[in-house]
**Q** 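Following this message is one structure expressed as C-alpha coordinates.
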Amino acid sequence: MIRHTSFAMIRSGLLACAALACALLGCERGGGEASAPAGSAGAPARAQDAREAAVVRLGYQKIGTPYLLKERADGLKKALEAKNARAEWIEFPAGPPLLEAMRAGAVDVGHVGETPPVFAQAGGVPFVYVATDPPAPKAEAILVPKGSPITSVAGLKGKRVAVNRGSNVHYLLVRAVESAGLTLDDIQVTFLAPADARSAFESGKVDAWVIWDPFLAAAELAGARILQSGEGLVDNYLFYVARREFAEQQPELLRIVLDEYQTLSGWERDNTEETSQILARSSGVAYEAFLTSYRRRAFGLLPITPEILKKQQDIADTLHKLAVIPREIRVEDAFLSTAVYGGVR
(Lines give C-alpha, C1' and ligand atoms only; values in the text may rest on other atoms or scores of the structure.)
Protein backbone atom coordinates (compact mmCIF):
# COMPACT_ATOMS: atom_id res chain seq x y z
CA MET A 1 0.00 0.00 0.00
CA ILE A 2 1.26 3.45 -0.93
CA ARG A 3 -0.26 6.71 0.19
CA HIS A 4 1.35 9.78 -1.35
CA THR A 5 4.39 9.37 -3.54
CA SER A 6 6.89 12.21 -3.97
CA PHE A 7 7.52 13.61 -7.41
CA ALA A 8 11.11 12.45 -7.17
CA MET A 9 9.91 8.87 -6.84
CA ILE A 10 7.49 9.36 -9.73
CA ARG A 11 10.21 10.81 -11.88
CA SER A 12 12.73 8.11 -11.03
CA GLY A 13 10.25 5.43 -12.03
CA LEU A 14 9.45 7.12 -15.30
CA LEU A 15 13.12 7.70 -16.07
CA ALA A 16 13.68 4.00 -15.64
CA CYS A 17 11.07 3.37 -18.33
CA ALA A 18 12.77 5.88 -20.59
CA ALA A 19 16.16 4.31 -19.97
CA LEU A 20 14.77 0.93 -20.95
CA ALA A 21 13.27 2.42 -24.13
CA CYS A 22 16.61 3.97 -24.95
CA ALA A 23 18.51 0.77 -24.27
CA LEU A 24 16.23 -1.22 -26.54
CA LEU A 25 15.65 1.33 -29.27
CA GLY A 26 18.47 3.85 -29.16
CA CYS A 27 18.02 7.49 -28.21
CA GLU A 28 20.34 9.00 -30.80
CA ARG A 29 19.61 9.71 -34.43
CA GLY A 30 23.13 8.92 -35.56
CA GLY A 31 24.86 5.55 -35.56
CA GLY A 32 27.73 4.53 -33.36
CA GLU A 33 30.33 3.68 -36.03
CA ALA A 34 33.60 5.56 -36.14
CA SER A 35 34.07 7.94 -39.07
CA ALA A 36 36.50 6.93 -41.79
CA PRO A 37 39.45 9.24 -42.53
CA ALA A 38 38.99 11.78 -45.31
CA GLY A 39 39.67 10.25 -48.71
CA SER A 40 39.26 6.68 -47.45
CA ALA A 41 36.80 4.11 -48.72
CA GLY A 42 34.39 5.30 -46.02
CA ALA A 43 33.88 8.75 -47.59
CA PRO A 44 31.25 7.68 -50.17
CA ALA A 45 29.38 5.89 -47.38
CA ARG A 46 29.30 9.13 -45.37
CA ALA A 47 27.92 10.98 -48.37
CA GLN A 48 25.24 8.33 -48.74
CA ASP A 49 24.38 8.62 -45.02
CA ALA A 50 23.75 12.34 -45.50
CA ARG A 51 21.00 11.47 -47.98
CA GLU A 52 19.34 8.89 -45.76
CA ALA A 53 15.70 9.44 -44.85
CA ALA A 54 14.83 11.40 -41.75
CA VAL A 55 13.19 9.29 -39.05
CA VAL A 56 9.95 10.28 -37.32
CA ARG A 57 9.68 8.28 -34.11
CA LEU A 58 6.07 7.70 -33.07
CA GLY A 59 5.21 6.57 -29.55
CA TYR A 60 2.11 4.41 -29.24
CA GLN A 61 0.14 2.07 -27.01
CA LYS A 62 -1.66 -1.04 -28.22
CA ILE A 63 -5.14 0.22 -27.41
CA GLY A 64 -5.69 3.35 -29.47
CA THR A 65 -5.44 5.38 -32.66
CA PRO A 66 -1.63 5.41 -32.90
CA TYR A 67 -1.56 1.60 -32.99
CA LEU A 68 -4.13 1.66 -35.77
CA LEU A 69 -1.94 4.06 -37.72
CA LYS A 70 0.96 1.64 -37.32
CA GLU A 71 -1.24 -1.14 -38.74
CA ARG A 72 -2.63 0.99 -41.58
CA ALA A 73 0.43 3.05 -42.40
CA ASP A 74 0.49 3.00 -46.24
CA GLY A 75 -0.71 6.59 -46.52
CA LEU A 76 1.74 7.80 -43.90
CA LYS A 77 4.58 5.87 -45.53
CA LYS A 78 3.95 7.44 -48.93
CA ALA A 79 3.56 10.95 -47.54
CA LEU A 80 6.79 10.68 -45.54
CA GLU A 81 8.70 9.13 -48.43
CA ALA A 82 7.79 12.17 -50.53
CA LYS A 83 9.73 14.20 -47.95
CA ASN A 84 12.60 11.69 -47.75
CA ALA A 85 11.46 10.50 -44.33
CA ARG A 86 10.17 7.33 -42.70
CA ALA A 87 8.30 6.37 -39.53
CA GLU A 88 9.66 4.34 -36.65
CA TRP A 89 7.26 2.95 -34.03
CA ILE A 90 7.99 2.65 -30.31
CA GLU A 91 5.55 0.95 -27.95
CA PHE A 92 4.83 2.12 -24.39
CA PRO A 93 2.53 0.79 -21.66
CA ALA A 94 1.20 4.27 -20.79
CA GLY A 95 1.65 8.00 -21.32
CA PRO A 96 4.15 8.84 -18.53
CA PRO A 97 7.01 6.63 -19.82
CA LEU A 98 6.32 7.84 -23.38
CA LEU A 99 6.87 11.43 -22.29
CA GLU A 100 10.02 10.50 -20.39
CA ALA A 101 11.35 8.89 -23.57
CA MET A 102 10.58 12.19 -25.31
CA ARG A 103 12.84 13.88 -22.76
CA ALA A 104 15.61 11.48 -23.80
CA GLY A 105 15.05 12.34 -27.49
CA ALA A 106 13.74 8.84 -28.27
CA VAL A 107 10.22 9.89 -29.35
CA ASP A 108 9.08 12.71 -31.64
CA VAL A 109 5.28 12.44 -31.54
CA GLY A 110 3.03 10.73 -29.00
CA HIS A 111 -0.57 10.33 -27.85
CA VAL A 112 -1.21 10.69 -24.11
CA GLY A 113 -3.92 11.60 -21.60
CA GLU A 114 -4.50 14.99 -20.03
CA THR A 115 -2.54 14.45 -16.81
CA PRO A 116 0.79 12.94 -17.98
CA PRO A 117 1.77 16.19 -19.78
CA VAL A 118 1.31 18.11 -16.53
CA PHE A 119 3.70 15.79 -14.69
CA ALA A 120 6.08 15.93 -17.65
CA GLN A 121 6.13 19.73 -17.84
CA ALA A 122 6.71 19.95 -14.10
CA GLY A 123 9.67 17.63 -14.63
CA GLY A 124 11.14 19.68 -17.48
CA VAL A 125 10.28 17.44 -20.45
CA PRO A 126 10.63 19.56 -23.64
CA PHE A 127 7.31 18.82 -25.36
CA VAL A 128 4.48 20.84 -26.92
CA TYR A 129 0.74 20.23 -27.27
CA VAL A 130 -0.22 20.06 -30.97
CA ALA A 131 -3.76 18.58 -31.12
CA THR A 132 -6.38 16.78 -29.07
CA ASP A 133 -9.16 14.25 -29.41
CA PRO A 134 -12.65 15.35 -28.30
CA PRO A 135 -13.27 15.00 -24.54
CA ALA A 136 -14.53 11.62 -23.32
CA PRO A 137 -15.46 11.91 -19.62
CA LYS A 138 -17.43 8.63 -19.61
CA ALA A 139 -14.40 6.71 -20.85
CA GLU A 140 -12.81 6.57 -17.38
CA ALA A 141 -14.31 5.69 -14.03
CA ILE A 142 -13.92 4.41 -10.48
CA LEU A 143 -14.98 0.76 -10.32
CA VAL A 144 -16.00 -1.46 -7.43
CA PRO A 145 -16.69 -5.22 -7.51
CA LYS A 146 -20.22 -6.32 -8.33
CA GLY A 147 -21.06 -7.27 -4.75
CA SER A 148 -19.31 -4.34 -3.07
CA PRO A 149 -21.24 -2.56 -0.29
CA ILE A 150 -19.69 0.76 -1.38
CA THR A 151 -22.37 2.91 -3.02
CA SER A 152 -20.73 6.35 -3.20
CA VAL A 153 -17.30 7.93 -3.48
CA ALA A 154 -17.62 8.97 0.17
CA GLY A 155 -17.75 5.26 0.95
CA LEU A 156 -14.14 4.93 -0.20
CA LYS A 157 -12.91 6.49 3.04
CA GLY A 158 -10.32 4.14 4.53
CA LYS A 159 -10.55 1.81 1.52
CA ARG A 160 -7.82 0.56 -0.80
CA VAL A 161 -7.96 2.18 -4.25
CA ALA A 162 -5.76 1.20 -7.20
CA VAL A 163 -4.80 3.86 -9.75
CA ASN A 164 -2.13 4.31 -12.42
CA ARG A 165 0.32 6.92 -11.15
CA GLY A 166 0.56 10.13 -13.21
CA SER A 167 -2.26 9.17 -15.58
CA ASN A 168 -5.65 10.69 -16.43
CA VAL A 169 -7.34 8.57 -13.80
CA HIS A 170 -4.97 9.90 -11.14
CA TYR A 171 -6.60 13.29 -11.61
CA LEU A 172 -10.09 11.74 -11.76
CA LEU A 173 -9.47 10.21 -8.34
CA VAL A 174 -8.35 13.59 -6.97
CA ARG A 175 -11.48 15.32 -8.30
CA ALA A 176 -13.81 12.52 -7.19
CA VAL A 177 -12.64 12.44 -3.57
CA GLU A 178 -12.70 16.24 -3.41
CA SER A 179 -16.32 16.23 -4.63
CA ALA A 180 -17.16 13.82 -1.82
CA GLY A 181 -15.53 16.03 0.83
CA LEU A 182 -12.48 13.78 1.17
CA THR A 183 -8.79 14.03 0.29
CA LEU A 184 -6.33 11.42 -0.94
CA ASP A 185 -5.17 11.09 2.68
CA ASP A 186 -8.58 9.67 3.54
CA ILE A 187 -8.12 6.64 1.30
CA GLN A 188 -5.40 4.05 0.85
CA VAL A 189 -3.98 4.80 -2.60
CA THR A 190 -2.08 1.99 -4.30
CA PHE A 191 -0.24 2.95 -7.49
CA LEU A 192 -0.48 0.09 -10.00
CA ALA A 193 -0.27 -0.27 -13.77
CA PRO A 194 -3.50 -1.50 -15.42
CA ALA A 195 -2.55 -5.20 -15.62
CA ASP A 196 -1.44 -5.34 -11.98
CA ALA A 197 -4.40 -3.25 -10.85
CA ARG A 198 -6.88 -5.57 -12.55
CA SER A 199 -5.31 -8.57 -10.86
CA ALA A 200 -5.45 -6.83 -7.46
CA PHE A 201 -9.06 -5.78 -8.10
CA GLU A 202 -10.25 -9.22 -9.15
CA SER A 203 -8.48 -10.92 -6.25
CA GLY A 204 -9.91 -8.53 -3.66
CA LYS A 205 -6.58 -6.96 -2.71
CA VAL A 206 -8.04 -3.52 -3.43
CA ASP A 207 -11.59 -2.26 -2.88
CA ALA A 208 -11.81 -0.03 -5.95
CA TRP A 209 -10.01 0.58 -9.21
CA VAL A 210 -9.77 3.81 -11.20
CA ILE A 211 -9.27 2.99 -14.88
CA TRP A 212 -9.91 4.03 -18.48
CA ASP A 213 -11.31 2.34 -21.58
CA PRO A 214 -11.04 -0.32 -22.89
CA PHE A 215 -9.92 -1.80 -19.56
CA LEU A 216 -12.92 -0.08 -17.97
CA ALA A 217 -15.33 -1.68 -20.44
CA ALA A 218 -13.67 -5.09 -20.04
CA ALA A 219 -14.08 -4.93 -16.26
CA GLU A 220 -17.73 -3.88 -16.66
CA LEU A 221 -18.38 -6.86 -18.93
CA ALA A 222 -16.83 -9.07 -16.25
CA GLY A 223 -19.30 -7.76 -13.66
CA ALA A 224 -17.62 -4.71 -12.10
CA ARG A 225 -19.83 -1.73 -11.24
CA ILE A 226 -19.14 1.93 -12.03
CA LEU A 227 -19.11 3.94 -8.81
CA GLN A 228 -18.29 7.26 -10.49
CA SER A 229 -17.38 8.07 -14.09
CA GLY A 230 -15.53 11.21 -15.15
CA GLU A 231 -18.78 12.87 -16.22
CA GLY A 232 -19.20 16.16 -14.38
CA LEU A 233 -15.70 15.94 -12.90
CA VAL A 234 -13.13 15.78 -15.71
CA ASP A 235 -12.98 16.20 -19.48
CA ASN A 236 -10.60 13.30 -20.15
CA TYR A 237 -8.84 14.75 -23.19
CA LEU A 238 -6.29 12.71 -25.12
CA PHE A 239 -3.50 14.88 -26.48
CA TYR A 240 -1.13 14.61 -29.40
CA VAL A 241 2.21 15.93 -28.19
CA ALA A 242 5.50 16.49 -29.97
CA ARG A 243 9.09 16.91 -28.90
CA ARG A 244 9.61 20.68 -29.09
CA GLU A 245 12.79 20.54 -31.15
CA PHE A 246 11.16 18.20 -33.66
CA ALA A 247 8.06 20.38 -33.99
CA GLU A 248 10.14 23.50 -34.53
CA GLN A 249 12.69 21.97 -36.92
CA GLN A 250 10.47 19.51 -38.83
CA PRO A 251 7.04 21.19 -39.07
CA GLU A 252 6.24 19.57 -42.43
CA LEU A 253 6.78 16.08 -41.03
CA LEU A 254 4.65 16.90 -37.99
CA ARG A 255 1.93 18.20 -40.29
CA ILE A 256 1.98 14.92 -42.25
CA VAL A 257 1.61 12.84 -39.09
CA LEU A 258 -1.29 14.94 -37.80
CA ASP A 259 -3.06 14.78 -41.17
CA GLU A 260 -2.79 10.99 -41.13
CA TYR A 261 -4.17 10.82 -37.60
CA GLN A 262 -7.08 13.01 -38.67
CA THR A 263 -7.83 10.75 -41.64
CA LEU A 264 -7.57 7.64 -39.48
CA SER A 265 -9.95 9.03 -36.88
CA GLY A 266 -12.62 9.31 -39.57
CA TRP A 267 -11.96 5.73 -40.60
CA GLU A 268 -12.33 4.58 -36.98
CA ARG A 269 -15.70 6.33 -36.73
CA ASP A 270 -16.98 4.55 -39.83
CA ASN A 271 -15.43 1.14 -39.06
CA THR A 272 -15.78 0.55 -35.33
CA GLU A 273 -16.22 -3.21 -35.69
CA GLU A 274 -13.07 -3.70 -37.76
CA THR A 275 -11.22 -1.28 -35.50
CA SER A 276 -12.29 -3.25 -32.44
CA GLN A 277 -11.11 -6.50 -34.03
CA ILE A 278 -7.66 -5.03 -34.80
CA LEU A 279 -7.20 -3.61 -31.31
CA ALA A 280 -8.51 -6.76 -29.62
CA ARG A 281 -5.91 -8.85 -31.47
CA SER A 282 -3.11 -6.46 -30.55
CA SER A 283 -3.95 -5.99 -26.88
CA GLY A 284 -5.65 -9.16 -25.70
CA VAL A 285 -8.60 -7.06 -24.48
CA ALA A 286 -11.99 -8.45 -25.54
CA TYR A 287 -13.49 -7.31 -28.83
CA GLU A 288 -16.76 -6.49 -27.02
CA ALA A 289 -14.88 -4.18 -24.65
CA PHE A 290 -13.59 -2.10 -27.55
CA LEU A 291 -17.08 -1.90 -29.07
CA THR A 292 -18.41 -0.66 -25.73
CA SER A 293 -15.65 1.91 -25.40
CA TYR A 294 -16.27 3.29 -28.89
CA ARG A 295 -19.85 4.12 -27.91
CA ARG A 296 -18.65 6.68 -25.35
CA ARG A 297 -16.13 8.62 -27.39
CA ALA A 298 -16.18 11.09 -30.26
CA PHE A 299 -13.84 11.28 -33.24
CA GLY A 300 -11.68 13.77 -35.11
CA LEU A 301 -8.65 15.80 -34.08
CA LEU A 302 -9.25 19.25 -32.60
CA PRO A 303 -6.89 22.24 -32.34
CA ILE A 304 -5.46 23.33 -29.00
CA THR A 305 -7.53 26.32 -27.87
CA PRO A 306 -7.12 28.81 -25.00
CA GLU A 307 -10.04 27.08 -23.25
CA ILE A 308 -8.29 23.70 -23.40
CA LEU A 309 -5.06 25.21 -22.11
CA LYS A 310 -7.02 26.78 -19.26
CA LYS A 311 -8.43 23.38 -18.31
CA GLN A 312 -4.94 21.91 -18.35
CA GLN A 313 -3.82 24.78 -16.14
CA ASP A 314 -6.60 23.92 -13.67
CA ILE A 315 -5.25 20.35 -13.49
CA ALA A 316 -1.71 21.63 -12.94
CA ASP A 317 -2.79 24.04 -10.22
CA THR A 318 -4.78 21.35 -8.43
CA LEU A 319 -1.92 18.85 -8.48
CA HIS A 320 0.53 21.48 -7.25
CA LYS A 321 -1.80 22.53 -4.43
CA LEU A 322 -1.91 18.89 -3.32
CA ALA A 323 1.91 18.62 -3.62
CA VAL A 324 1.53 15.89 -6.24
CA ILE A 325 3.80 17.91 -8.55
CA PRO A 326 6.70 19.85 -7.00
CA ARG A 327 6.32 23.26 -8.62
CA GLU A 328 3.90 25.58 -10.32
CA ILE A 329 3.90 25.43 -14.11
CA ARG A 330 2.48 27.64 -16.84
CA VAL A 331 0.80 25.31 -19.33
CA GLU A 332 0.98 27.96 -22.06
CA ASP A 333 4.75 27.47 -22.10
CA ALA A 334 4.14 24.03 -23.65
CA PHE A 335 1.98 25.43 -26.45
CA LEU A 336 3.44 25.89 -29.92
CA SER A 337 1.69 28.35 -32.21
CA THR A 338 -0.11 26.60 -35.05
CA ALA A 339 1.61 29.05 -37.38
CA VAL A 340 4.72 26.90 -36.94
CA TYR A 341 3.25 23.61 -38.20
CA GLY A 342 -0.10 24.52 -39.73
CA GLY A 343 -2.46 23.38 -37.00
CA VAL A 344 -5.20 20.77 -37.25
CA ARG A 345 -7.23 20.86 -40.46
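All values below come from the heavy atoms of this structure, side chains included, with hydrogens, waters and symmetry mates left out.
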**Q** When you measure from the side chain of Asp186 to the backbone of Lys157, do you find a donor-acceptor pair of N or O atoms at a distance under 3.5 Å?
**A** no

**Q** Please work out whether the ring planes of His111 and Tyr261 are parallel, tilted or perpendicular, with thresholds of 30° and 60°.
**A** parallel

**Q** Between the main-chain N or O of Thr275 and the side-chain N or O of Asn271, is there a donor-acceptor pair closer than 3.5 Å?
**A** no

**Q** Has Gln188 got a side-chain atom pairing as donor or acceptor with Gly158's backbone, closer than 3.5 angstrom?
**A** yes

**Q** How far apart are the closest heavy atoms of Ala218 and Ala289, and which atoms are they?
**A** N-CB, 3.6 Å

**Q** Could you tell me which non-hydrogen atom of Thr65 sits nearest to which non-hydrogen atom of Leu264, and how far apart they are?
**A** O-CD2, 3.3 Å

**Q** Please determine whether a side-chain nitrogen of the Lys or Arg among Glu307 and Lys310 lies less than 4.0 Å from a carboxylate oxygen of the Asp or Glu.
**A** no

**Q** On a heavy-atom basis, which atom in Ser229 and which in Leu172 lie closest, and how many Å separate them?
**A** O-CD1, 4.1 Å

**Q** When rounded to the nearest 0.5 angstrom, what is the spacing between CG in Asp333 and CZ in Arg244?
**A** 8.0 Å

**Q** Minimum heavy-atom separation for Ala242 and Val130, please, with both atom names.
**A** CB-CG1, 4.2 Å

**Q** Apply side chain to side chain contact (heavy atoms under 4.5 Å, CB included) to Val174 and Leu184, showing your working.
**A** CA-CA 7 Å; Val174 169; Leu184 291 182; 3.9 Å; yes

**Q** Are Ile63 and Leu291 connected into the same hydrophobic cluster when the rule is that any two of I, L, V, M, F, W, Y join if their side-chain heavy atoms are below 4.5 Å apart?
**A** no

**Q** Is the closest side-chain heavy-atom distance between Pro117 and Leu99 below 4.5 Å?
**A** yes

**Q** Check whether Leu173 and Leu192 end up in the same hydrophobic cluster, where Ile, Leu, Val, Met, Phe, Trp and Tyr are linked by side-chain heavy atoms less than 4.5 Å apart.
**A** no

**Q** Using the salt bridge (Lys or Arg N to Asp or Glu O under 4.0 Å) definition, which of the options Arg175, Lys311, Lys138 pairs with Asp235?
**A** Lys311

**Q** My understanding is that a hydrophobic cluster links ILVMFWY residues whose side chain heavy atoms are under 4.5 Å apart, including indirect links. Using that, what else belongs to the cluster containing Leu238?
**A** none

**Q** Should we say atom CD of Glu248 is surrounded by more than 12 heavy atoms from elsewhere, each under 6.0 Å from it?
**A** yes

**Q** Ignoring hydrogens and angles, tell me if any N or O in the side chain of Arg243 forms a donor-acceptor pair with the backbone of Gly105 under 3.5 Å.
**A** no

**Q** Please check if the number of heavy atoms outside Glu71 that lie under 6.0 Å from its CD is greater than 12.
**A** yes

**Q** Over all heavy atoms of both residues, which pair between Gln228 and Glu231 is shortest? Give the atoms and the distance, please.
**A** NE2-O, 3.8 Å

**Q** Output the distance between atom CG (Leu302) and atom CG (Asp133), rounded to the nearest 0.5 Å.
**A** 7.5 Å

**Q** Return yes when atom CD of Glu81 has more than 12 non-hydrogen atoms of other residues, nucleotides or ligands closer than 6.0 Å, and no otherwise.
**A** yes

**Q** Taking salt bridge (Lys or Arg N to Asp or Glu O under 4.0 Å) as the criterion, tell me which of Arg295, Arg296, Arg225 meets it with Glu220.
**A** Arg296

**Q** Do Ile150 and Lys159 have side chains that get closer than 4.5 Å, going by heavy atoms?
**A** yes

**Q** Ignoring hydrogens and angles, state whether a donor on the side chain of Tyr294 or Glu268 is under 3.5 Å from an acceptor on the partner side chain.
**A** yes

**Q** Please check: side-chain N/O of Ser203 versus main-chain N/O of Ala200, any donor-acceptor pairing under 3.5 Å?
**A** yes

**Q** Do Tyr237 and Asn168 meet the criterion of a side-chain donor-acceptor pair at a distance under 3.5 Å?
**A** no

**Q** Search all heavy atoms of Leu156 against all heavy atoms of Ala208 and return the closest pair with its distance.
**A** CD2-CB, 3.7 Å

**Q** Examine Tyr67 and Trp89 and state if one hydrophobic cluster contains both, with Ile, Leu, Val, Met, Phe, Trp and Tyr joined whenever side-chain heavy atoms are less than 4.5 Å apart.
**A** yes

**Q** Are any side-chain N or O atoms of Glu114 and backbone N or O atoms of Asn236, one a donor and one an acceptor, separated by less than 3.5 Å?
**A** yes

**Q** Answer with yes or no whether the hydrophobic clustering places Ile315 together with Leu322; edges join I, L, V, M, F, W, Y residues whose side-chain heavy atoms lie under 4.5 Å apart.
**A** yes

**Q** I'd like to know if the side chain of Thr272 reaches the main chain of Arg269, judged simply by a donor and an acceptor atom lying under 3.5 Å from each other, with no hydrogens or angles considered.
**A** no

**Q** Nearest 0.5 Å, please: how far is CZ in Phe191 from CG in Asn164?
**A** 9.5 Å

**Q** Check whether Ser283 reaches the backbone of Leu279 with its side chain - one donor and one acceptor, N or O, closer than 3.5 Å.
**A** yes

**Q** For residues 119-129, dump all side-chain donor-acceptor pairs below 3.5 Å to protein atoms at least two apart in sequence or in another chain.
**A**
unit_1, atom_1, unit_2, atom_2, d
Gln121, NE2, Arg330, O, 2.7
Tyr129, OH, Gln312, NE2, 2.9

**Q** Side chains of Val118 and Ile325, heavy atoms from C-beta outward: is any pair under 4.5 Å?
**A** yes

**Q** Are the side chain of Thr263 and the backbone of Asp259 linked by a donor-acceptor contact shorter than 3.5 Å?
**A** yes

**Q** In terms of hydrophobic clusters joined by side-chain contacts under 4.5 Å, are Ile226 and Val234 together?
**A** yes

**Q** From Leu319 CG over to Asp314 CG, what is the distance, rounded to the nearest 0.5 angstrom?
**A** 11.0 Å

**Q** Give a yes or no answer on whether the side chain of Ser293 reaches the backbone of Pro214 with a donor-acceptor pair at less than 3.5 Å.
**A** no

**Q** Measure the spacing between OG1 of Thr190 and CZ of Arg165 and express it to the nearest 0.5 Å.
**A** 11.5 Å

**Q** For the atom pair CH2 (Trp209) and CZ (Arg198), what is the distance rounded to the nearest 0.5 Å?
**A** 6.0 Å

